[in-house]
Number of protein chains: 2
Amino acid sequence: MTSPLIMRLRHHGKLSDEAADALLGCRARNRLVEPGQSLMQQGQPVKSLFWIESGWAMRHRSLACGRRQILNLLLPGDTGDLQGLVDTRADHSVTAMTQLMVSEVDAPRFLELIEGNAEISSALLWSVVQEEGILREHIVRIGRRSARIRLAHLLLELVRRQALGGGPSDGRLETNLTRDVLADCLGLTPVHISRTLSELRRAGLVRIEERGRLRVIDIGELARHADYDTRYLHLQRPAHILDQRGRGAA
Amino acid sequence: MTSPLIMRLRHHGKLSDEAADALLGCRARNRLVEPGQSLMQQGQPVKSLFWIESGWAMRHRSLACGRRQILNLLLPGDTGDLQGLVDTRADHSVTAMTQLMVSEVDAPRFLELIEGNAEISSALLWSVVQEEGILREHIVRIGRRSARIRLAHLLLELVRRQALGGGPSDGRLETNLTRDVLADCLGLTPVHISRTLSELRRAGLVRIEERGRLRVIDIGELARHADYDTRYLHLQRPAHILDQRGRGAA
DNA sequence: CGCAGACTTGAAAATACTCAATAAATGTGG
DNA sequence: CCACATTTATTGAGTATTTTCAAGTCTGCG
């Protein structure tokens with residue numbers, strides 16, 4: 001079974017087996033993390049880099065006034081924080097939302113790999129570039145969209161990302177997203193999320209299944225409703241660009 | 001005189017003269033761009049990569065409903081869009097706010113460098129990682145801060161980034177930021193920006209100088225007012241991490 | 001001088017927030 | 001398996017922030 005990190009990196013382009021092995025070779029150990037536990041904490045030095053093998057986590061930032069903003073949800077294949085490797089203290093926290101299996105990485109070895117192996121550093125570069133795309137999408141969502149479309153948009157993104165990491169692609173979300181989490185993602189209050197979600201439910205776009213799991217009933221329908229660009233996150237490097245560089249498709 | 005791109009990359013760590021030369025060697029030509037002109041357009045194929053030598057630009061996204069969200073302002077040393085190199089169509093536009101001097105890059109050659117030279121791809125990786133930090137900050141700003149603090153925060157960031165690129169560091173902003181631009185950055189309306197800016201002016205935190213240029217009167221004072229972490233964007237790779245890897249400081 | 005673009009200000013309306021009370025779901029120990 | 005405690009979700013009413021619309025002002029520039 002392939003690690004979701006390798007799946008992710010290969011989604012952007014070619015990655016040789018040797019490079020993949022070298023990356024996986026940095027794994028110091030696998031660790032099980034319980035929901036609510038933090039993998040890194042804002043203001044603390046970053047001790048280790050990790051990536052997620054299974055489960056969901058969140059990257060979030062707490063403000064002096066007590067409020068919290070979730071910057072991004074982390075799904076299998078997402079890496080903890082590269083910035084932590086070059087900065088002294090974390091500017092945000094990462095906390096497990098479900099039980100998590102993470103691979104912890106030997107940082108010096110990892111840095112050496114990055115600086116010495118162009119195949120690996122460029123693969124990571126493209127991966128970070130995609131992550132940037134996710135953040136940009138989030139900015140647009142929060143900055144210029146109504147509560148209703150924000151929520152629809154986020155759900156669509158999560159459904160898609162879950163599928164990219166090998167999860168179900170039928171509209172189910174495998175995690176119980178509380179109103180508080182959704183609110184802190186979208187810059188709204190839990191109360192307003194509750195109301196907005198009810199609207200989407202009454203409109204027949206979304207359903208709540210056992211154990212509070214959300215399900216998008218018809219992805220295409222919701223996408224139309226939410227002005228959602230279905231090309232988003234379809235970031236395979238297209239063949240004509242690979243050709244330009246004289247290499248075959250991945 | 002060093003190119004601001006090289007300055008930027010060296011801010012994160014060591015970059016040999018050979019690597020810098022190789023990067024600069026990709027320059028196909030320098031181009032002067034007039035304010036309002038676009039360097040890339042949402043939905044169009046991305047023809048070329050560029051980076052900014054001088055002037056300000058904005059990265060923005062237009063929505064079906066006619067609204068616009070500015071994702072980030074681009075200052076000297078910022079690169080156009082790496083994602084454009086791997087994706088078929090731009091998911092956002094880049095437009096000049098002032099007169100701009102940009103270096104256009106020979107894309108295939110640049111890609112070859114990235115994939116073949118670990119020093120360059122890792123330098124770009126760290127640079128993109130920092131850019132991600134800017135986007136995260138922006139998400140927090142838009143998601144969880146009041147109009148007043150949003151605005152103060154953005155101004156502080158711009159003052160700082162301007163200084164990092166070699167511009168003045170005394171609180172002056174060398175560009176005329178219209179209310180519309182600020183509004184589309186911060187997810188507010190121009191009208192509300194106008195009111196909020198008046199508040200900051202009445203509080204003696206900000207001033208408007210000749211030709212509509214903004215000036216932060218006392219950076220420390222505004223930072224305190226705005227819950228602004230002054231460690232933000234101080235992303236030199238700290239010595240102890242460099243040591244860990246057995247290399248000297250940059 | 002007069003025009004065009006950007007800015008300011010006021011009043012009414014919309015969106016989202018707060019507070020508070022109730023209901024539902026989840027987990028725990030007996 | 002049930003009763004209880006705890007957490008999470010829903011709903012209502014009043015409030016705050018921001019938006020919208022519209023009219024008026026300022027400024028640079030030909």
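To find a chain, count down the sequence lines: A is the first, B the second, and so on, and within it residues start at 1. As the structure is a computational prediction, the values presented were derived from the model and not from experiment.
Using a 4.0 Å cut-off between charged side-chain N and carboxylate O, E199(A) and R195(A) make no salt bridge.
Not one N or O on the side chain of R224(B) forms a donor-acceptor pair closer than 3.5 Å with the backbone of I219(B).
Atoms CD (E209(A)) and P (dA9(D)) sit 16 Å apart, rounded to a whole Å. Taking atom CG of L177(A) as the reference point, atom C1' of dT7(D) lies 17 Å away to the nearest angstrom. Protein atom CG of L188(B) is 13 Å distant from nucleotide atom C1' of dT15(C), rounded to whole Å. Following rounding to the nearest Å, R211(B) (CZ) and dC7(C) (P) show an atom-to-atom distance of 15 Å. A straight line from CZ of R148(A) to P of dA16(C) spans 11 Å, rounded to a whole angstrom. The interatomic distance linking R145(A) (CZ) with dT15(C) (P) rounds to 16 Å, in whole Å. Rounded to an integer number of Å, the gap from CD1 of I208(B) to P of dT8(C) is 6 Å. In this structure, L186(B) atom CG and dT17(D) atom P are separated by 18 Å, rounded to whole Å.
The closest side-chain donor-acceptor pair between T98(A) and W56(A), if any, does not fall under 3.5 angstrom. Counting only N and O atoms by type, the side chains of E53(A) and S103(A) include a donor and acceptor under 3.5 Å apart. Side-chain contact annotation: H60(B) with R68(B), donor-acceptor N/O pair under 3.5 Å absent. Between the side chains of R141(A) and H138(A), a donor-acceptor pair is found at a separation under 3.5 Å. Donor-acceptor pairing under 3.5 Å is recorded for the side chains of T95(B) and S38(B).
Across residues 190-207 of chain B, V191(B), H192(B), R195(B) each have a non-hydrogen atom less than 4.0 Å from an atom of DNA chain D (numbered order).
Across the interface with DNA chain C, nearest-nucleotide mapping of D180(B) and E210(A) shows D180(B) to be the residue nearer the 5′ end.
Judged as a salt bridge (charged side-chain N to carboxylate O under 4.0 Å, His left out), and not counting sequence neighbours, R201(B) has no contacts.
Residue L173(A) holds its CG atom at 10.0 Å from CZ of R215(A), rounded to the nearest 0.5 Å.
Not one side-chain nitrogen or oxygen of R179(A) sits closer than 4.0 Å to the OP1 or OP2 atom of dT8(D).
In the helix from dC1(C)-dG30(D) to dG30(C)-dC1(D), the terminal helix axes, each the rotation mapping four pairs' C1' atoms onto the next four within five end pairs, subtend 40°, rounded to 10°.
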